[in-house]
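To start, the structure under review is shown below, and the notes come after it.
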Amino acid sequence: MAIQKKSIEEKSIWEDAHQMLRKAERDGVETAWDRLEQQTPHCSFGEGGICCRICTMGPCRISKKAPLGVCGADADVIVARNFGRFLAGGAAGHSDHGRDCIEAFYAVAHGETEDYQIKDKEKMLRIAAELGVETAGRELLEVAKDLAYEFQESFGTRRETVAFIGRVPEKQRESWKKLGIMPRGVDREITEMMHRTHMGCDNDAANTLLHGARMCLGDGWAGSMIATEISDILFGTPSPRKAQVNLGVLKADQVNLLVHGHNPIVSEKIMEAVNEPEMIALAKEKGAAGINLAGLCCTGNELMMRQGIPMAGNHLMTELAIVTGAVELIVVDYQCIMPSLVQVGNCYHTKMITTADKARFTGAEHVKFAMDNGMEQARKVVRMAIERYPMRNPDRVEIPENPVDIVTGFSNEALLEALGGTITPLVDAIKAGKVRGAVGIVGCNNPKYQHDYCNVNLARELIKKDILVIVTGCVTTAAGKAGLLVPEAIEQAGPGLKEICGALGIPPVIHMGSCVDNARILQLAALLANEIGVAISDLPLAASSPEWYSEKAATIGTYAVASGIYTHLGHPPNITGSPIVTNLALGGLDDLVGACFGIEPDPFKAADMIDERIKLKRKGLGLSE
Ligand code: CUV
Ligand code: SF4
């Protein structure tokens, strides 16, 4: 395959990206797009998933000439094992984030920290009651201790099921039991996947894949869901608020500090420190008009949902944010942080700070955050950012203009409130065909696509078809930049969706949070199913990750499918070398869990595909078009 050099316009649909890509070229800064060119064409064995490195009799790669590995494993087994481990990486990422949230909550409950508090007491008590923790007449912290224990138990080996399985509609749960895919413990299923995929264990591709479904369900209904619920308890349940997106949120006359990663435990403290009068005074002393905190990726989503901080950009904008030359410091926790940010930062005056021992970057400075020193460390980081302001070279600064307004903050609690307290009006709108269905568009960017082209166009096409769109993760910024996250966007929606969203005063594309917050979408799907009295797989719902790249995205897709939600992906994971795995993913799973994956790189065709599915489900429920 000839290596095609993409023009700047072909790399992204956004003007702020074009402007910074031009500047990167001038400044001699390499980006992900350049490195993709160097890596292309990709190894076809890797792409098909038929390269096995699981033992040292290999590595083995499967071809016509050599259809079996040294041990006798065929393409199906090798693909299933590789994909199983890929999913395990994603489940581990979300769920270990969930564990960190539990540890923060535990520290609060046990009085081991003064830096974190229980902010949403009502929600905490509600969740405690849901999980069977006695609440009546008890001290708040006593309840919290027991709730922390409950959460911890979801990760272990003593229970038969994980935390929020009670939310799953009965019919769905029954089918999981029958299939043997009821998740028992978050860590247990991940460990078991590593065990099964050791040489000489699970050598039946379908069996491995079913365990993958179980493991991902543990992530969706426990690991991720626990992360979301605890983040709400500690930092507040999101409610609708205004914010802004794109690189125009950076300020020429202020200290620009970016938070990047996923876990609000670090970034919430940074935000508090930024707002302290001493810090603002220090910034002024250094010649800045103030301190501007902006987000990237999911930690940006978390702070935007709860605090309304602006969002500088999604995954592919992270390098380009530094190219503005106006970023003093970028502080990260973990996941989706390109190691290249250190090098890009070195081309300017941008300092990179890591905060988690499990995510250190060579060349970055490490300021370890612990439960009992969060505030102190946050102040240290903010001071470092301010100290760098005088080092900024104004001649090398170029900040794109015109940030776009959005509305964020749609937790399920907020959505229910907008609906007047119950889910019934949404169910009625679905039954009446005004809202024909709902689709969660989630996930990432990937330089193999024109940045955000699919994310934006799929959302636009779906709302035209009267399908409500919910976004999380990096699709949020895409939808926001396209002007879809404001109530005025109903003008772009079909007549039914326009009417309903218009009456409720909500946008036709609603922002539900970060990647772990896809658990909110699961919960919403369960609420709908329970209200109608059917399984999730009976509902006119779908999910999509058009420009996905990460293991986590594959895990999300898998728990969506296993939960009964048809899931579109722009491109397949590295499974195409196995007919068994590919056929299961693209169809076979439908018979087992009531949903499967669909692959389509073109967002317009994808919208039609999803629409067909929604028609089918509406028909199944006896609903007219
Ligand atoms: Ni998980 S959505 S790139 S940061 S997983 Fe990361 Fe949130 Fe994709 Fe974006
Ligand atoms: Fe080769 Fe089998 Fe070892 Fe994989 S497990 S590297 S296929 S011998």
Side-chain angles (χ1 to χ4, degrees), residues 32 45 49-63 66-82 85 89-97 196-203 219 223-224 227-228 259-264 267 295-305 311-319 332-338 359 440-447 449 451-452 455 471-479 511-519 544-557 569-570 577-578:
F45 295 97
I50 47 174
C51 164
C52 185
R53 294 173 293 117
I54 272 170
C55 87
T56 64
M57 292 191 282
C60 304
R61 47 188 218 182
I62 301 305
S63 61
L68 298 177
V70 176
C71 67
D74 62 13
D76 295 313
V77 165
I78 290 173
V79 167
R81 283 196 304 217
N82 285 338
R85 288 188 168 200
H94 285 147
S95 294
D96 201 42
H97 166 173
R196 281 174 182 244
T197 53
H198 184 279
M199 187 271 164
C201 288
D202 203 359
N203 285 298
D219 173 24
S224 285
T228 291
V259 286
H260 183 9
H262 281 78
N263 198 331
S267 47
L296 293 167
C297 286
C298 276
T299 220
N301 278 316
E302 296 271 356
L303 279 200
M304 191 163 76
M305 282 277 282
M311 176 78 93
N314 52 7
H315 182 60
L316 277 177
M317 296 304 291
T318 56
E319 293 176 306
V332 306
D333 48 83
Y334 40 57
Q335 298 170 15
C336 301
I337 300 146
M338 291 196 224
I441 311 183
V442 310
C444 324
N445 292 142
N446 185 326
Y449 297 87
H451 170 223
D452 283 340
N455 288 336
V471 291
T472 63
C474 286
V475 178
T476 307
T477 312
H511 177 217
M512 261 201 185
S514 65
C515 293
V516 291
D517 289 338
N518 287 316
S544 168
S545 195
E547 301 178 29
W548 73 284
Y549 89 86
S550 76
E551 290 172 327
K552 290 180 293 166
T555 305
I556 293 164
L569 300 173
S578 160

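Throughout, residue positions are numbered sequentially from 1 according to the sequence presented. Counting starts at 1 for both ligands and their atoms, in listed order.
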- Item | Distance in Å, Y449 OH paired with L316 CG, rounded so as to fall on 0.5 Å steps | 12.0 Å
- Nearest candidate to atom 5 (S) of ligand 1, where distance is taken over non-hydrogen atoms, out of G93, S550, G473: S550
- Once the angle between the rings of H262 and H97 is folded into 0 to 90°, is it parallel (under 30°), tilted (30 to 60°) or perpendicular (over 60°)? perpendicular
- Item | Interfacing atoms of ligand 1 (cut-off 4.0 Å, heavy-atom, C297) | 4 (S)
- Item | Region of Q335 engaging ligand 1 - heavy atom pairs below 4.0 Å | neither
- Item | Taking atom 5 (S) of ligand 2 as the reference point, the nearest protein heavy atom with its distance | R81 NH2, 3.5 Å
- Query: What protein heavy atom sits nearest atom 9 (Fe) of ligand 1, and how far off is it?
  - Reply: C474 SG, 2.3 Å
- Query: Taking non-hydrogen atoms only, is Y549 closer than 4.0 angstrom to ligand 1 via side chain, backbone, both or neither?
  - Reply: side chain
- In sequence, state the C-alpha distance, the side-chain angles, and the governing distance for I556 and C515, and then conclude on side-chain contact (heavy atoms from CB on, under 4.5 Å). CA-CA 8 Å; I556 293 164; C515 293; 4.3 Å; yes
- Message: Under the criterion side-chain contact (heavy atoms from CB on, under 4.5 Å), I'd like the reasoning laid out for R81 against H198: C-alpha separation, chi angles, the key distance, then a yes or no.
- Response: CA-CA 8 Å; R81 283 196 304 217; H198 184 279; over 6 Å; no
- With a cut-off of 6.0 Å (strictly less than), are more than 12 heavy atoms of other residues, nucleotides or ligands near CZ of R61? no
- Message: Any N/O/S atom, side chain or main chain, of C336 closer to atom 6 (Fe) of ligand 1 than 2.8 Å?
- Response: yes
- Query: Quick one: which ligand 1 atoms are inside 4.0 Å of a heavy atom on C298?
  - Reply: 1 (Ni), 4 (S), 7 (Fe)
- Query: Is P546 close to I441 at the side-chain level, that is, under 4.5 Å between some pair of heavy atoms?
  - Reply: yes
- Between T472, T476, T228, which is the residue that forms a side-chain hydrogen bond (donor to acceptor under 3.5 Å, both in side chains) with D517? T228
- Could you go through the side-chain contact (heavy atoms from CB on, under 4.5 Å) check for N263 and Y334 one step at a time? CA-CA 8 Å; N263 198 331; Y334 40 57; 2.9 Å; yes
- Note on the structure: If we number the atoms of ligand 1 from 1 as shown, the ones under 4.0 Å from a heavy atom of K552 are 1 (Ni), 5 (S), 6 (Fe)
- Message: I'd like to know if atom 8 (Fe) of ligand 1 has an N/O/S atom from C444 within less than 2.8 Å of it, counting both backbone and side-chain atoms.
- Response: yes
- Look at atom 3 (Fe) of ligand 2 and say which protein heavy atom is nearest, naming residue and atom and giving the distance to 0.1 Å. C55 SG, 2.3 Å
- Examine all N, O or S atoms of C60, backbone included, and report whether one is under 2.8 Å from atom 1 (Fe) of ligand 2. yes
- Considering the heavy atoms of H315, write down every atom of ligand 1 situated less than 4.0 Å from one of them. 3 (S)
- Message: Could you tell me if N445 and N314 have a donor-acceptor pair between their side chains, going purely by distance under 3.5 Å?
- Response: yes
- atom 4 (Fe) of ligand 2 has as its nearest protein heavy atom C52 SG, 2.3 Å
- Which of the atoms of ligand 1 are close to G443, meaning less than 4.0 Å from one of its heavy atoms? 2 (S), 8 (Fe)
- Query: With a 4.0 Å cut-off on heavy atoms, does H262 reach ligand 1?
  - Reply: yes
- Note on the structure: re atom 1 (Ni) of ligand 1, the protein heavy-atom contact at minimum distance is C515 SG, 2.4 Å
- Task: Would you please say whether a donor-acceptor pair under 3.5 Å links the side chains of N301 and S514?
- Result: no
- Query: Nearest protein heavy-atom contact for atom 8 (S) of ligand 2: which residue, which atom, what distance?
  - Reply: C71 N, 3.4 Å
- Note on the structure: Value for CG (D219) from OG1 (T555), rounded to nearest 0.5 Å, stands at 6.0 Å
- Query: In terms of atom number and element, which parts of ligand 2 are under 4.0 angstrom from non-hydrogen atoms of M199?
  - Reply: 5 (S)
- Item | C336 and K552: CA distance, side-chain angles, deciding distance, side-chain contact (heavy atoms from CB on, under 4.5 Å) verdict | CA-CA 10 Å; C336 301; K552 290 180 293 166; 3.3 Å; yes
